[in-house]
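Reminder, nothing fancy here: chain letters follow the sequence lines and each chain counts from 1.
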Amino acid sequence: MHNTEHKRYFSQELLDWYEINKRDLPWRRHRDPYYIWVSEIMLQQTRVDTVIPYFHRFIERFPTIQSLADAPEDDVLKCWEGLGYYSRARNLQAAARQVTEQYDGVMPSGKDEVSGLKGIGPYTSGAIRSIAFNIPAAAVDGNVMRVLSRYFLIEEDIMKVKTRTKMEELVLTLVPDGRASDFTQALMELGALICTPKSPKCLVCPVMEHCSARLEGKEESLPIKTKAKPPRPEYRLTAIVEGTGVHEGKILIRKRPAAGLLAGMWELPHVIVPADGGSVPAAMPEETAMVGLRDALLEEGIPVQPIGHVMDAEHTFSHIQWNMGVYRCKWQDVPPAALQAAESAAAYETGEENFRWIHVQDMERYAFPNVFIRILKVYFSS
DNA sequence: CAATCGTGGTT
DNA sequence: TAACCAAGATT
């Protein structure tokens, strides 16, 4: 159905188009595998315009693989703050340490070596090897699957691994000799600029003439993709704990666990409210919320007295929607008897474990998820 | 395979 | 405005 003639046409026209239309992007100004690597990790599920300022800051702060490997993890997370999917940052640094230890600090180019690095999957492996080393490897991302599913009329669910591996094989038959780097980027560039998800610009597409989807009027209905499940709602009560005594003028923050959602990031103390009977914090009487918050935090060894409602906040992750009621609280100095129940309260006072008392200006030293930055901004500006 | 893991822009 | 989307990896 698709002869080598149409394939050759596709590859050649695509390369010619790319040469003229490629964007001037920061990571395209070098062939340094480290730059390509960092950009590819940042670009996962993230728009180019969002990545650009992060890329500049990251390369300035961590100019080499060695400097990244040597840095404290908190510094790396701070540099990633606001970009999302924070495991990318943690894995990137872990991989930098792998390269330092296993490959003398030099980025490898072999398939098994690259794929063996943390955070580098099939796509990123192909992207680094083709773009940085000009090796004929397939880098099949969302853009590429969209372009290929349309040009070759592949009516299979692109969410399935099998579809991606099939397209990887297809790509390998398309890469012109010695042009792997440009071809990979051209394929993605076409998906980003011309063969867009909605309203593809077929009239200015360099390969429109032999695009099967276009010829059959199916360009708008491809690729086929299963719908994502809507995020499940969660209800959380959040505390802005104001310090007393030596901690006067400060608030309490804590560091999240090393795994899971927002791993390793800092946050305001908060508790989940069991969602029975639709008890949305916004709808919950403030008195009820404050009593619940006080009791729940004391269970976790954080003795506070809620004072009043600050704001409601909503934050949507890929799979969870947080509905938050935020309350100003006063740290409660607990009498010795009660201290036993709140066993770890003393730990916060000494600043041990994963808790800190901070001033507003200390925020720049800790990496916070976006939702807490928004809340703290409102709090500190009022 | 399907769920987990952020955020902001576009339609 | 709600839904969809953006250069995916890990478990």
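Rounded to a whole Å, the CZ atom of Arg256(A) is 15 Å from the P atom of dT4(B). For the pair Asn370(A) CG and dC5(B) C1', the computed distance is 15 Å after rounding to whole Å. Here the P atom of nucleotide dC5(C) and the CG atom of Asp141(A) are 15 Å apart, to the nearest Å. In this structure, the OH atom of Tyr85(A) is 13 Å from the P atom of dG8(B), given to the nearest Å. Distance CZ (Arg90(A)) to P (dT11(C)): 11 Å, rounded to an integer number of Å. The separation between Met145(A) atom CE and dC5(C) atom C1' is 13 Å, rounded to whole Å. Here the C1' atom of nucleotide dG6(B) and the CD atom of Glu314(A) are 15 Å apart, to the nearest Å. Computed from coordinates, the Gln321(A) CD to dA2(C) P distance equals 10 Å when rounded to whole Å.
Nucleic acid contact class of Pro122(A) (heavy atoms, under 4.0 Å, all strands): sugar-phosphate only. Here Trp322(A) lies out of heavy-atom contact (under 4.0 Å) with every strand. Using a 4.0 Å heavy-atom cutoff across all strands shown, Gly82(A) reaches sugar-phosphate atoms only and no base atom. Within the nucleic acid shown, Arg23(A) comes within 4.0 Å of at least one base atom, counting heavy atoms only. Contacts of Leu25(A) with the nucleic acid, taken as non-hydrogen atoms under 4.0 Å apart, include base atoms. Nucleic acid contact class of Arg146(A) (heavy atoms, under 4.0 Å, all strands): sugar-phosphate only.
Between dG6(B) and His315(A), no contact under 4.0 Å exists linking OP1 or OP2 to a side-chain N or O. Considering only side-chain N and O atoms, Asn91(A) lies nowhere under 4.0 angstrom from the phosphate OP1 or OP2 of dA9(C). Between dT7(B) and Tyr86(A), a contact under 4.0 Å exists linking OP1 or OP2 to a side-chain N or O. Close to dA3(B), at under 4.0 Å from its OP1 or OP2, lies no side-chain N or O of His319(A).
For Ser318(A), counting side-chain heavy atoms from C-beta on, the closest listed nucleotide (dA9(C), dG6(B), dA2(B)) is dG6(B). Checked against dC1(B), dG6(B), dC4(C), the side chain of Lys198(A) finds its nearest nucleotide in dC4(C). Looking at the side chain of Arg232(A), the nearest of the listed nucleotides dA9(C), dT4(B), dT7(B) is dT4(B). Distance from the side chain of Thr124(A) is smallest for dG8(C) among the nucleotides dT4(B), dG8(C), dG6(B). Here the side chain of Phe317(A) is nearest to one of dA2(B), dG8(C), dT7(B), namely dT7(B). Comparing dC5(C), dA3(B), dG8(C) by their nearest atom to the side chain of Lys229(A) picks out dA3(B). The side chain of Arg88(A) lies closest to dG6(B), out of dA2(B), dG8(C), dG6(B).
Listed by residue number, the members of residues 30-50 of chain A with any heavy atom below 4.0 angstrom from DNA chain B are Gln45(A), Thr46(A), Arg47(A).
Taking the six-membered ring for Trp and thresholds of 30 and 60 degrees, Phe10(A) and Phe152(A) have ring planes inclined between 30 and 60 degrees apart.
Of the two residues contacting DNA chain C, namely Lys227(A) and Ser115(A), the nearest-nucleotide position lying further toward the 5' end is that of Lys227(A). Two residues, Lys162(A) and Ala259(A), neighbour DNA chain B, and the one matched to the more 5' nucleotide by heavy-atom proximity is Lys162(A).
Once rounded to the nearest 0.5 Å, the distance linking CD1 of Ile240(A) with OH of Tyr379(A) reads 6.0 Å.
In summary, Asp24(A) and Arg29(A) engage in a salt bridge, as defined by a charged side-chain N under 4.0 Å from a carboxylate O. The pair Lys255(A)-Asp74(A) meets the salt-bridge criterion, with a side-chain N (NZ, NE, NH1 or NH2) lying under 4.0 Å from an Asp/Glu carboxylate O. A salt bridge is absent between Arg150(A) and Glu219(A): the closest approach of a Lys/Arg side-chain nitrogen to an acidic carboxylate oxygen does not fall below 4.0 angstrom.
Spacing of P atoms, dC5(C) relative to dC5(B), comes out at 22 Å, to the nearest Å. Nucleotides dA3(C) and dG6(B) place their P atoms 22 Å apart, quoted to the nearest Å.
For Ser149(A) (side chain) and Arg146(A) (main-chain N/O), a donor-acceptor pair under 3.5 Å exists by modelled atom type. With hydrogens and angles ignored, the 3.5 Å screen pairs a side-chain donor or acceptor of Asp157(A) with a backbone N or O of Met159(A).
Cation-pi check for Arg129(A) over Phe133(A) is not met; the charged atom does not lie both under 6.0 angstrom from the ring centroid and within 45 degrees of its normal.
Remark: aromatic rings of Trp80(A) and Tyr85(A) are distant, center separation not under 6.0 Å.
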